[in-house]
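What follows is a set of notes on a single structure, which appears directly below.
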Amino acid sequence: MSQTTFGKGHHLHLIDGSGFIFRAYHALPPLTRKSDGLPVGAISGFCNMLFKMVEDQKGSDAPTHLAVVFDHKGKTFRSDIYPEYKAHRPPAPEDLAPQFPITRDATRAFNLACIEAEGFEADDIIATLADQARTAGARVTIVSSDKDLMQMVGGGVEMYDAMKNRRIGVEQVEEKFGVGPDRVIDVQSLAGDSVDNIPGAPGIGIKTAALLINEYGDLDTLLERAGEIKQPKRRETLIEKADQIRISRELVTLKLDTPIDLSFDDMAVNAPDPDVLLPFLAEMEFRTMSARIAAKLGVDAPAIAEPVSDTGPSGTATPAAQLPIDPEKYETVRDVDRLNAWVQKIYDRGYVAVDTETTGLNEMIVDLVGICLSVEPGEACYIPLIHKEGEGDLFGGSNLAPNQIPLDQALDILRPVLQDESILKIGQNMKYDAKIFKRNGIDIAPIDDTMLLSYALHGGLHNHGMDALAERYLDHKPISIKSILGTGKSAITFDLVPIDEATKYAAEDADITLRLWQMFKPQLHAAKVTKVYETLERPLIPVLAKMEMNGIKVDRDHLSRMSNSFAQSMAGLESEIHELAGRSFNVGSPKQLGEILFDELGLEGGKKGKTGAYSTGVDILEDLAAEGHDLPARVLDWRQMSKLKSTYTDALQTHINPDTGRVHTSYVISGASTGRLASTDPNLQNIPIRSEAGRKIREAFVAEEGNVLLALDYSQIELRILAHIAKIDNLKQAFLDGHDIHAMTASEMFHVPIEGMDPMIRRQAKAINFGVIYGISGFGLARNLRIPRKEAQAFIDTYFERFPGIRKYMDDTVAFAKEHGHVETLFGRKIHTAEINAKGPHAGFAKRAAINAPIQGTAADVIRRAMIQMPDAIKNFPAKMLLQVHDELLFEVPKDAVEETTETVRKVMENAASPVVKLDVPLTVDAGVGNNWAEAH
DNA sequence: TGTTTCACG
DNA sequence: GACGTACGTGAAACAC
């Protein structure tokens, strides 16, 4: 490619290299070079991003020119203007600093231009180049998410946020700043920036700034005419702080004349030179990346010394993801001979990745369509079993496609190996496949689950679905199921997919699963989460599978009667509401309701929310109702009925399985970052109980004839765990003595006797106790108790005085999170806290989550342990475990076995923490029995 | 598809 | 006095 003159027709990419590095550092788990322990996580992420940029941009939109721009170390000219500029920035983390210079080497190794300039920030260089390129008539894409660069957008310059995969044009800038790119500087000068320590005008944020600029045209005019502003506070601020605002403008204005010693021709895109790039990657010991990039460049991967570590049970596994993923290479197994050959491969290897394909997502209903296997990366097969083809007959049935092994015959061949104790079966979300196999007469065991491996390793960092894992850890985007099945009404089921196409999709899943397993399994030990995975995750799979298949009986008629009654009440309320409003409208629309309440009826309690819509949540409506307004009170009643009807009485009926007559939920083991389970389709963990009307819904959950429902729940488990973890002696003692913990708290705080205590006082103490678990704040407590914020803060201060251990626990936990990037439960479960070092409003959020996680997570671990022991503990009883609701287990038991079951289950639950953790407080369990779930509570 | 509201622990 | 805050979930309806 010959470059003569840079300009029209060219496309320049300017990459914010420093931004890339920080994002890579914070987004990825720490990684060190095996040979000498050099931290290389950020470098690895940086290289991956560079490579991705180069690879992704090969289309017509490809850059013709590209430069990676870095911040130069040391002070910039902005510090001379304003010494406080970025003065509060902490130094880079210790394990990041040594990686900075190497990222420059990496850039050059990829054959990309690398620019930095002393005394200037990367943003200035980017701005200067973008401006010059724009003038020359070229297109420019700035790869960065830094809002300071938004002033450059327009006239052929766009930004691209690589993390969010989002282009930022003039429209997006207007969204963010409320003004066009040409006025961004003005708005920033007024709003300032706490992160960079740009003062701006105190009391004025982006919203107000945009308002002012839009009204007066530009900053100079605004400052000139500041005296005309109506609001006294604003007027004074703008007059008094005019100099400060002008300094802020200097700080936020990017330089368009930064000295740059490269020409555009130096930035022309050229392919990397394998002889330069691969030795660099080898030096970094990036094994997987070297292999992948070598493959892309069409050369052999360099040899890198194998680290001394076990890669799996056989110890001879191919390193994960070394081969490119090529769906064309997978085999379709169509006859018994080939299937037997695969079984032999499995025995030779000792483990196999397995994936089932079905006609849908509901494991209790769907049919098994096919099975995929993989024993080695890149080598996988699909065994189609009941694929259909042709037009089908008049009854909607279709003909079985030819050349498929009959279902039963295939299962008979696979059964021995799938049940073989010496063969490990690996799956992604194995609970699903285990249930499918169980319904087809196969008890698959032993098993490993890549979803749960990832959960144990990376809990809190990201979700653990296969697509996310493949993209993040294998840098591969799997074929989407939507592209195979279509969407919406025209979607088909998997048995209707042509077998050739099905093979590519399905076998790829098994291939990916195997690669993920080869990557994750050896990491458990180093991450110190082997125990977590082996005792809290993996053994839960069969327990939950059994519970879910048990299901719970639901009385359809009861629900149906309630639906009718709710419908009637709602109709009555609706006409009342319309009359009060003076016109008819959709009561279910928060937007319309807000307009009626605040615009048409003129009630107080204005706007909020980022969309600008009125907020009409319970809090607001209750306040209005308390002031004596009828309409909001009626709406609250209507809302409650609408919720109960749509979410429960109506929806639950549709979840009754026609074969079993019962409702089967599905628990997501890796759903909650803390270790809690999540229940879906339907969610049986949020069945109403707090309100009288809602409670009736629990009556529909019933026991089979001759049986009763038995509910056992931990009493105050989170507060007990808090007392233990934070070492609060008087709290511990109260639990040991069996005292009313909220009354005792109130007594300690307000010096009132427990006997004859005012219920209001106890209520407040209770709110504080719960608040502590959630990472208390004056604001939150004030809102919860509906008291002034000052009072709430005073309560909290008193609380911390009386229980100083709590303060220490909170501070220590946040400090631990900041240092390690995660917090831990008493059982060693790690909950990563990626945002903990974030700035701005994010920070408070992350802190509270970090404070809460060890408490909520330890409680979750305890009940997991109880559940895992349960099948063995009750194996001689005719009892069935049906549901888990965070601190409660629900059983279905024949009437005559209730007492012995209760005592056995109670014992297991109360002792579930030991012997691993010896709690200083006893765990106690309350039990209830009844013909339905409401009675059992 | 994202937002709002509300059900639970 | 800038911003927005109790922690963890899932589902349904509305609005775009």
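Every value quoted in this text rests on a predicted model; they were computed, and no experiment measured them. Per chain, numbering begins at 1; letters A, B, ... match sequence-line order.
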Would you call the rings of A/Phe770 and A/His742 parallel, tilted or perpendicular, where under 30° means parallel and over 60° means perpendicular? tilted
Counting the atoms with a prime plus P, OP1 and OP2 as sugar-phosphate, which does A/Arg789 contact under 4.0 Å by heavy atoms, base, sugar-phosphate, or nothing? base
Whether A/Arg639 contacts B/dC6 is assessed here as follows: a side-chain N or O lying under 4.0 Å from the phosphate OP1 or OP2. Is that the case? yes
Could you tell me if the ring centre of A/Phe803 sits under 6.0 Å from that of A/Tyr799? yes
Atom pair distance, as rounded to whole Å: OH in A/Tyr667 and P in B/dC8: 16 Å
A/Asn932 and A/Leu709: which non-hydrogen atoms are nearest, and at how many Å? C-CD1, 3.8 Å
Residues within residues 769-778 of chain A bordering DNA chain C, heavy-atom distance below 4.0 Å: A/Gly771, A/Tyr774, A/Ile776, A/Ser777
Taking C-beta and beyond as the side chain, do A/Leu684 and A/Pro682 meet within less than 4.5 Å on heavy atoms? yes
When you measure from the side chain of A/Arg720 to the backbone N and O of A/Ser715, does any donor-acceptor pair fall under 3.5 Å? yes
Any salt bridge linking A/Arg583 with A/Glu595? Criterion: basic side-chain nitrogen under 4.0 Å from a carboxylate oxygen. no
Quick one: label A/Phe845 by what it contacts on the DNA or RNA (base, sugar-phosphate, nothing), any heavy atom closer than 4.0 Å. sugar-phosphate
For the pair A/Asp650 and A/Lys645, find out whether any cationic side-chain nitrogen is under 4.0 Å from an anionic carboxylate oxygen. yes
Could you spell out the base pairing of DNA chain C as a dot-bracket line? Use Watson-Crick and G-U wobble contacts where both distances are under 3.5 Å, [ ] for crossing pairs, | for partners on a different strand. ......|||||||||.
Scan A/Ile687 against the nucleic acid and name what it touches under 4.0 Å (heavy atoms): base, sugar-phosphate only, or nothing. sugar-phosphate
Expressed in angstrom and rounded to an integer, what is the separation of A/Glu692 atom CD from B/dA7 atom P? 14 Å
Between CZ of A/Phe701 and P of B/dC8 the distance, given in whole Å, is 13 Å
Just call it for A/Ala767: base, sugar-phosphate, or nothing, with non-hydrogen atoms closer than 4.0 Å on any strand. base
Do any N or O atoms from the side chain of A/Asn852 and from the backbone of A/Ile773 form a donor-acceptor pair under 3.5 angstrom? yes
Would you say A/Arg690 places a side-chain N or O within less than 4.0 Å of OP1 or OP2 belonging to B/dA7? no
Any base atoms under 4.0 Å from A/Asp713, or only sugar-phosphate, or nothing? Heavy atoms, all strands. nothing
Rounded interatomic separation in angstrom, taking CD1 from A/Ile717 and P from B/dG9: 14 Å
Please confirm whether the backbone N or O of A/Asp186 pairs with a side-chain atom of A/Arg249, one donor and one acceptor, at under 3.5 Å? no
Whole-Å P distance, B/dA7 and C/dG4: 26 Å
What are the bounds, 5' to 3', of the part of DNA chain C that sits under 4.0 Å from heavy atoms of chain A? C/dA2 to C/dC16
Could you walk me through whether A/Leu883 and A/Tyr667 satisfy the side chain to side chain contact (heavy atoms under 4.5 Å, CB included) test, starting with their C-alpha distance in whole Å, then the side-chain angles of each, then the deciding distance to 0.1 Å, before giving a yes or no? CA-CA 10 Å; A/Leu883 299 177; A/Tyr667 290 102; 3.6 Å; yes
Who passes salt bridge (Lys or Arg N to Asp or Glu O under 4.0 Å) against A/Glu824, sequence neighbours left out? none
Mind calculating the distance between CH2 (A/Trp638) and C1' (B/dT5) to the nearest angstrom? 11 Å
Can you tell me, in whole Å, how much space there is between the P of C/dC16 and that of C/dA12? 22 Å
Heavy atoms only, 4.0 Å cut-off, all strands: where does A/Gly617 land among base, sugar-phosphate and nothing? sugar-phosphate
Rounded interatomic separation in angstrom, taking CG from A/Leu621 and C1' from B/dC6: 12 Å
What pairs meet the salt bridge (Lys or Arg N to Asp or Glu O under 4.0 Å) rule with one or both residues in residues 763-790 of chain A, with sequence neighbours excluded? A/Asp619-A/Arg786, A/Glu622-A/Arg786, A/Asp623-A/Arg786
Flag for A/His937-A/Glu888: side-chain donor and acceptor within less than 3.5 Å: yes
On a heavy-atom basis, which atom in A/Pro202 and which in A/Thr237 lie closest, and how many Å separate them? O-CG2, 3.4 Å
Heavy atoms only, 4.0 Å cut-off, all strands: where does A/Val668 land among base, sugar-phosphate and nothing? nothing
What is the distance, rounded to the nearest whole Å, between atom CG of A/Asn852 and atom P of B/dG9? 16 Å
With a 4.0 Å heavy-atom cut-off, tell me which residues in residues 640-652 of chain A come close to DNA chain C, sorted by residue number. A/Lys643, A/Ser646, A/Thr647, A/Ala651
Parallel, tilted or perpendicular: rings of A/His464 and A/His458 (30°, 60°): parallel
